[in-house]
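As the structure lists them, so they are numbered: ligands from 1, and atoms in each ligand from 1.
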Amino acid sequence: MDTTVKAYLDNYQVSQATRDFLAKTQRMFIGGNWVGASDGAVSEVIEASTGGVLTQIPEGTALDLDRAVAAARHQFDQGEWSQLKPLERERLLHKLADLLEAHAQELAEIESIDMGKSVVQALEVDIQGTIDTFRYFAGWASKIYGRSVEPASLPGSYVTYTRKEPVGVVASIIPWNFPLQTMAWKLGAALAVGCTVVVKPAELTSLSTLRFAELVQQAGIPDGVVNIVTGRGSVVGAAMSSHPGIDKITFTGSTPVGRTVGEAALADMKRMTLELGGKSAVLVFEDADIKAAAEAVAQGIFFNSGQVCDAGSRLYVHASIYEPFLEALTEYVSGLKMAPGLDPDCFISPLVSAKQQDSVLSYIEAGKQEGARLVFGGEAHGGSGYFVPPTLFADCRNDMKIVREEIFGPVLVSQSFSDEDEVVALANDSIYGLAAAIYSNDLTRVHRVIPQLKAGSVYVNGHSTIDPAMPFGGYKQSGFGRDLGPEQLESLLETKSVWITLS
Ligand code: NDP
């Protein structure tokens with residue numbers, strides 16, 4: 001660990017448990033064993049607010065993936081996991097949730113230091129969300145059943161029923177913005193129904209997943225049920241997408257990479273769920289409460305420094321309140337503190353990497369070049385760390401690059417509209433369809449607009465209200481399939497139709 005990073009940890013009095021974890025040589029978790037990469041390669045992990053080296057992780061290879069898939073396959077085909085009584089799986093998943101709860105502060109610190117995000121938000125959102133997801137799906141383990149069916153037309157006499165069977169070995173590919181929570185979204189349901197899993201965390205943010213694996217072992221979940229292979233997407237992720245030993249792939253990440261993964265997975269008809277990018281529209285009507293809506297809109301884009309797939313990044317405000325709304329936004333955002341993630345008052349944290357900072361700054365430059373009006377932000381941060389200040393553009397048009405493309409940073413683009421039909425058309429004019437938000441106190445209007453929006457989630461007078469009981473996923477190029485809720489369980493189960501001929 002660099003001295004700059006050590007000083008950062010000292011300054012914010014990081015717990016001894018976190019320091020002990022960070023001081024260890026990191027290993028992958030395959031078949032219950034802690035192993036380095038088969039060729040010994042490692043990659044450096046960079047801390048986002050100092051730019052210093054935090055630690056190293058193994059850079060897994062296709063051979064490491066083969067071993068992990070073999071362990072998961074063996075456990076699924078011949079091990080006890082899928083054969084356990086559902087209540088026993090439920091008990092083990094609750095035990096895992098108990099351990100996550102007991103180590104919540106440490107996990108939040110690891111997530112914050114590894115990704116750059118606010119430690120307070122990590123604790124309240126990422127880690128709490130992870131615990132809740134495992135608890136929610138633990139309860140489903142004992143509630144999976146098929147149905148008894150009466151054939152509708154076939155002559156003769158039969159006993160017919162359906163069985164629900166776990167799909168098998170599930171591979172999950174995870175992005176860097178909510179590492180632990182996204183992994184929980186993938187694993188909670190898969191483990192509850194009896195699947196075994198191989199996880200590839202994002203190379204930038206693998207540490208919380210490795211700490212999680214220690215808790216999986218401590219919970220007594222059998223070897224081979226959960227396997228973690230760290231490494232590059234172009235190596236481990238690509239090998240996963242076409243691996244013949246994998247039955248289902250569940251991916252969260254960008255739309256271009258999701259398309260590559262999907263094409264490879266289709267070759268042998270793997271089941272798949274793709275949670276992809278977004279450019280979510282926010283519609284503010286003239287009857288909205290301006291102050292409350294401005295606060296919620298700001299939270300909806302600037303939370304996690306805009307590195308949120310369903311961030312409300314395209315703002316449409318009725319012309320009659322456009323300027324007062326921008327003023328309310330400006331005032332609220334001026335009170336949000338930009339600071340390193342471990343600062344307890346941090347709201348705007350550094351972006352995950354220098355590459356992401358460059359990418360976001362290049363979009364800001366494109367906005368200026370295209371003639372959008374800069375209301376606040378927009379300048380690179382001079383000091384250390386990958387900070388980008390919250391940025392608002394006004395008077396945008398739907399044909400601008402900053403309106404069409406996912407920026408994945410703290411940049412909000414806005415324009416005014418005159419009537420409902422116009423704003424619905426503007427909102428739907430995107431390749432993405434992950435989420436949308438409506439701010440209005442006119443119930444009739446709200447219910448009229450909801451069905452017209454082509455988006456997997458519609459938030460009314462709020463944003464990103466996520467819960468394990470509610471499905472999450474996208475329309476259009478934001479992907480297909482759903483995580484969370486009972487809808488996700490179906491995607492991890494095969495349905496077998498059984499026919500017993502009586503006469
Ligand atoms: P990427 O698509 O770049 O990466 C996502 C994951 O895919 C990472 O683990 C990455 O590995 C891996 N990967 C990269 N290349 C390949 C490949 N050729 N084959 C298989 N896997 C590969 O996304 P980011 O990590 O940059 O995350 C940001 C994106 O994710 C945004 O577009 C965002 O909208 C989307 N996202 C969507 C969410 C949703 O639920 N819809 C939620 C969160 C994010 P590595 O980086 O380690 O090399």
Side-chain angles (χ1 to χ4, degrees), residues 43-45 57-60 62 65 114-115 117 125-126 129 133 171-186 198-207 209 228-243 246 249-265 270 272-280 301 303-313 351-353 355-357 359-360 363 405-409 430-435 455-457 464 466 470-484 488:
S43 58
E44 285 186 337
V45 180
I57 53 166
E59 197 163 303
L65 178 69
D114 196 18
M115 192 270 165
K117 64 172 59 198
V125 178
D126 301 58
T133 302
S172 329
I173 303 179
I174 310 293
W176 43 257
N177 55 344
F178 291 90
L180 203 56
Q181 193 176 6
T182 308
M183 187 218 49
W185 284 23
K186 306 297 187 192
V198 181
V199 182
K200 193 211 88 65
E203 198 185 18
L204 290 173
T205 57
S206 296
L207 294 175
T209 309
I228 315 286
V229 182
T230 53
R232 277 187 278 153
S234 55
V235 177
V236 180
M240 270 178 157
S241 312
S242 57
H243 199 292
I246 289 171
I249 193 134
T250 173
F251 171 88
T252 296
S254 61
T255 295
V257 176
R259 189 175 294 116
T260 311
V261 168
E263 283 168 4
K270 285 189 201 343
M272 67 178 115
T273 301
L274 303 175
E275 300 284 0
L276 308 177
K279 188 78 182 179
S280 299
I301 174 66
F303 174 73
N304 209 34
S305 293
Q307 301 161 113
V308 180
C309 51
D310 71 345
S313 51
L351 301 188
V352 68
S353 64
K355 187 173 160 216
Q356 189 64 11
Q357 185 190 36
S359 163
V360 173
Y363 275 108
E405 296 182 17
E406 182 180 43
I407 299 176
F408 222 57
S430 170
I431 60 164
Y432 296 111
L434 192 55
S457 294
S464 287
I466 305 281
M470 280 289 271
F472 185 89
Y475 282 29
K476 299 192 272 184
Q477 293 188 37
S478 289
F480 62 84
R482 293 291 179 270
D483 279 342
L484 304 182
Q488 186 182 6

How close does the nearest protein non-hydrogen atom get to [atom], and which residue and atom is it?
atom: atom 27 (O) of ligand 1; result: Pro175 CB, 3.5 Å
atom: atom 8 (C) of ligand 1; result: Ile174 O, 3.3 Å
atom: atom 35 (C) of ligand 1; result: Gly253 O, 3.1 Å
atom: atom 43 (C) of ligand 1; result: Asn177 ND2, 3.1 Å

Using a 4.0 Å cutoff against the non-hydrogen atoms of [X], which atoms of ligand 1 qualify?
X: Ile173; result: 6 (C), 7 (O), 9 (O), 12 (C), 20 (C), 21 (N)
X: Gly231; result: 47 (O)
X: Arg232; result: 48 (O)
X: Ala238; result: 19 (N), 20 (C)

With a 3.5 Å distance limit and no angle check, can you tell me whether [X] reaches the backbone of [Y] through a side-chain donor-acceptor pair?
X: Thr230; Y: Pro58; result: yes
X: Thr133; Y: Gly129; result: yes
X: Lys200; Y: Gly231; result: yes
X: Gln356; Y: Phe408; result: yes
X: Glu406; Y: Gly278; result: yes
X: Gln307; Y: Asn304; result: yes
X: Thr273; Y: Gly481; result: no
X: Lys117; Y: Ser305; result: no

Atom 47 (O) of ligand 1 touched by protein (heavy atom, under 4.0 Å): yes

Heteroatom distance test ([X], ligand 1): nitrogen or oxygen, under 3.5 angstrom:
X: Trp185; result: no
X: Glu203; result: yes
X: Lys200; result: yes
X: Ser254; result: yes
X: Glu406; result: yes

Please state which option from [options] has its nearest heavy atom closest to [atom].
atom: atom 13 (N) of ligand 1; options: Cys309, Ala311, Gly233; value: Gly233
atom: atom 26 (O) of ligand 1; options: Phe178, Trp176, Phe408; value: Trp176
atom: atom 40 (O) of ligand 1; options: Glu275, Gln307, Arg259; value: Glu275
atom: atom 5 (C) of ligand 1; options: Val257, Thr252, Val261; value: Thr252

May I ask whether [X] has any heavy atom positioned less than 4.0 angstrom from an atom of ligand 1?
X: Gly479; answer: no
X: Ala264; answer: no
X: Phe472; answer: yes

Nearest heavy-atom neighbours spanning Phe303 and Val308: O-CG2, 3.4 Å

Ser241 versus Lys270, closest heavy-atom pair with distance: O-CE, 3.2 Å

Location of contacts on Leu434 toward ligand 1, heavy atoms closer than 4.0 Å: side chain

Asp483, portion touching ligand 1 at heavy-atom distance under 4.0 Å: neither

Identified side chain to side chain contact (heavy atoms under 4.5 Å, CB included) counterpart of Ile57 within the set Thr209, Asp114, Val45: Val45

Centroid-centroid under 6.0 Å between Trp185 and Phe472 rings: yes

